[in-house]
Amino acid sequence: MNSAELVAWYERERRDLPWRDPSVSAWQILVSEFMLQQTPVVRVLPRWLEWVDRWPTPSATAAASPADILRAWGKLGYPRRAKRLHECAAVIATEHGDVVPDDVQTLLTLPGVGSYTARAIACFAYGQWVPVVDTNVRRVVARAVQGLADAGAPSATRDEAAVAALLPNDESTPTFSAALMELGAVVCTARSPRCGICPLSSCAWRSAGFPAGEAVPKRVQKYAGTDRQVRGRLLDVLRDSTTPVQRNALDVVWLTDPAQRDRALDSLLVDGLVEQTEDGRFALCGEGDDARGACGA
DNA sequence: AATGCGTGGCG
DNA sequence: TCGCCAAGCAT
């Protein structure tokens, strides 16, 4: 892969995303990475802008209540990410002097920070030479380098080695990794890739005549009718109420299957997103002043 | 290793 | 319409 032509394309065509601004702090980059886990850029944009303005540092974030955090997270989805981001802020504030760690090993110890996010922070916030592998990068490498329509099953070790082999050995590494991700996001997309505008002069998939991928039945997760949908509806009610709600206010969001509803509510309690007051009502964790700490936050 | 975890837009 | 997809992580 010709890194120079990819970087040149990126410098010319890249989207003007606010977390790419050089003035953005490592913590704010970390926030963007949490929000972008499994969530499209367009949905993250307004949330991120509000969030970093309201809580610009780890300690400021840690000082917020879980309820405030969950409301600011809004409907980004996967609210456990918001809780982990809150926990992550507390760990950085108390154990790392309010400074986001700069090495992958330490980053991996933080709540909600996995292989991708740790490397993204080390690379994009600190300019380190580390392979950054997300779903876009895996797809681009599978096509341009391996000549396959789609990436195979994820394997962190193997995938990172494959990307490391492509990384330029100079200060352009972060730009190259960003460019790889950008290419996968806007050109070399999962469905209907825009090969007509691809900046790569060499692509193994194109050279091979765009062979179709094997019909791997990678099962798609259902949503309608799942516990996740019920959890979403329950949290919707709780986000909208600044006071604890009665059980029947939650019951009405899912009447078809009371057992499922109870299971979903229980899982929210287990996850530490929701708590029950002494009089049996329900609220987001940390809703009231005296409720702080009940969720271990 | 496979599964659970939100949400909404698009073809 | 509805299946598919979107900068993953934890268990």
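Within every chain, numbering begins at 1; the chains are lettered A, B, ... in the order of the sequence lines, protein sequences first and strands thereafter. Treat the numbers as computed from the prediction; the structure is a model and nothing was measured.
The nearest whole Å value for the distance from the CZ atom in A:R80 to the P atom in B:dT7 is 13 Å. Look at CE on A:M181: it is 7 Å from P on C:dG8, rounded to the nearest Å. The separation between A:L235 atom CG and B:dT7 atom P is 7 Å, rounded to whole Å. Nucleotide C:dC9 holds its C1' atom 15 Å from the CG atom of A:L107, rounded to whole Å. Between the CG atom of A:L70 and the C1' atom of B:dG6 there is a distance of 13 Å, given to the nearest Å. In this structure, A:K222 places its NZ atom 9 Å from C1' of C:dC2, rounding to the nearest Å. Atoms CG (A:D271) and P (B:dC5) sit 9 Å apart, rounded to a whole Å. Atom pair A:L76:CG and B:dC5:P shows a separation of 19 Å (rounding to whole Å applied).
Among the protein residues, A:T117 comes within range of the sugar-phosphate backbone only, with heavy atoms under 4.0 Å from sugar or phosphate atoms but none that close to a base. Residue A:A120 is classed as having no contact, given no heavy-atom separation below 4.0 Å to the nucleic acid. No engagement by A:W73 is indicated, since no non-hydrogen atom pair under 4.0 Å with the nucleic acid exists. The residue A:A185 sits close only to the backbone: its heavy atoms come under 4.0 Å of sugar-phosphate atoms, none of a base.
Hydrophobic clustering (side-chain heavy atoms under 4.5 Å, transitive across Ile, Leu, Val, Met, Phe, Trp, Tyr) keeps A:L148 apart from A:L200.
Between B:dT3 and C:dC4, the distance separating the two P atoms is 16 Å to the nearest Å. Between C:dA7 and B:dG4, the two P atoms lie 23 Å apart (nearest whole Å). The gap from the P atom of C:dC9 to that of B:dG8 amounts to 23 Å, rounded to the nearest Å.
With B:dG6, C:dA7, C:dA10 as the choices, the nucleotide that has an atom nearest any side-chain atom of A:R81 turns out to be B:dG6. Distances were taken from every side-chain heavy atom of A:R191 (C-beta onward) to each of B:dG8, C:dG3, C:dG8; the shortest belongs to C:dG3. Taking the side chain of A:K75 as heavy atoms from C-beta on, and the options C:dA7, B:dG4, B:dG8, the nearest nucleotide is B:dG8.
Each of A:R15 and A:P111 lies near DNA chain C, and the nucleotide nearest A:R15 is the one positioned closer to the 5' end. The 5' end of DNA chain B is approached more closely, in terms of each residue's nearest nucleotide, by A:G77 than by the other of A:G77 and A:S192.
Of the residues in residues 236-263 of chain A, not one places a heavy atom less than 4.0 Å from an atom of DNA chain C. Within a heavy-atom distance below 4.0 Å of DNA chain C, no residue of residues 170-180 of chain A is found. Non-hydrogen atoms lying under 4.0 Å from DNA chain B are contributed by A:Q38, A:T39, A:R43, all within residues 26-48 of chain A. For DNA chain C, the residues of residues 133-148 of chain A within the heavy-atom distance limit of 4.0 Å (strictly under) are A:D134, A:T135, A:N136, A:R139, sorted by number.
Under the rule for a salt bridge (Lys or Arg N to Asp or Glu O under 4.0 Å), the partners of A:D227 that lie at least two apart in sequence or sit in another chain are A:R263.
Under the 3.5 Å distance criterion, with hydrogens and angles disregarded, no donor-acceptor pair is assigned to the side chains of A:Q37 and A:Y116. Residues A:E5 and A:S201 have side chains that bring a donor and an acceptor to within less than 3.5 angstrom of each other. Side chain to side chain, A:W19 and A:Q28 fail the donor-acceptor criterion of an N or O pair below 3.5 Å. The closest side-chain donor-acceptor pair between A:S115 and A:E160 falls under 3.5 angstrom. A donor and an acceptor atom, one from each side chain of A:R194 and A:T189, are nowhere located under 3.5 Å apart.
The side chain of A:Y78 places no N or O atom within less than 4.0 Å of a non-bridging phosphate oxygen (OP1 or OP2) of C:dC9.
Under a 4.5 Å side-chain heavy-atom cut-off, the cluster of Ile, Leu, Val, Met, Phe, Trp and Tyr residues that includes A:W205 is completed by A:F210.
Between A:C123 and the choices A:I29, A:V104, A:V130, the side-chain contact (heavy atoms from CB on, under 4.5 Å) rule is met once, by A:V130.
Taking both residues in full, the closest heavy atoms of A:P211 and A:G147 are given as CG-O, 3.7 Å, listed atom of the first, atom of the second, then distance.
The distance from atom CD of A:Q229 to atom OH of A:Y223, rounded to the nearest 0.5 Å, is 5.0 Å.
The backbone N or O of A:T61 lies less than 3.5 Å from no partner atom in the side chain of A:R54, so there is not a single donor-acceptor pair. Judged by distance alone, with hydrogens and angles left aside, the side-chain atoms of A:W73 form a donor-acceptor pair with the main-chain N or O of A:G77 at under 3.5 Å.
Within a 6.0 Å radius of CD in A:E278, no more than 12 heavy atoms belonging to other residues, nucleotides or ligands are found.
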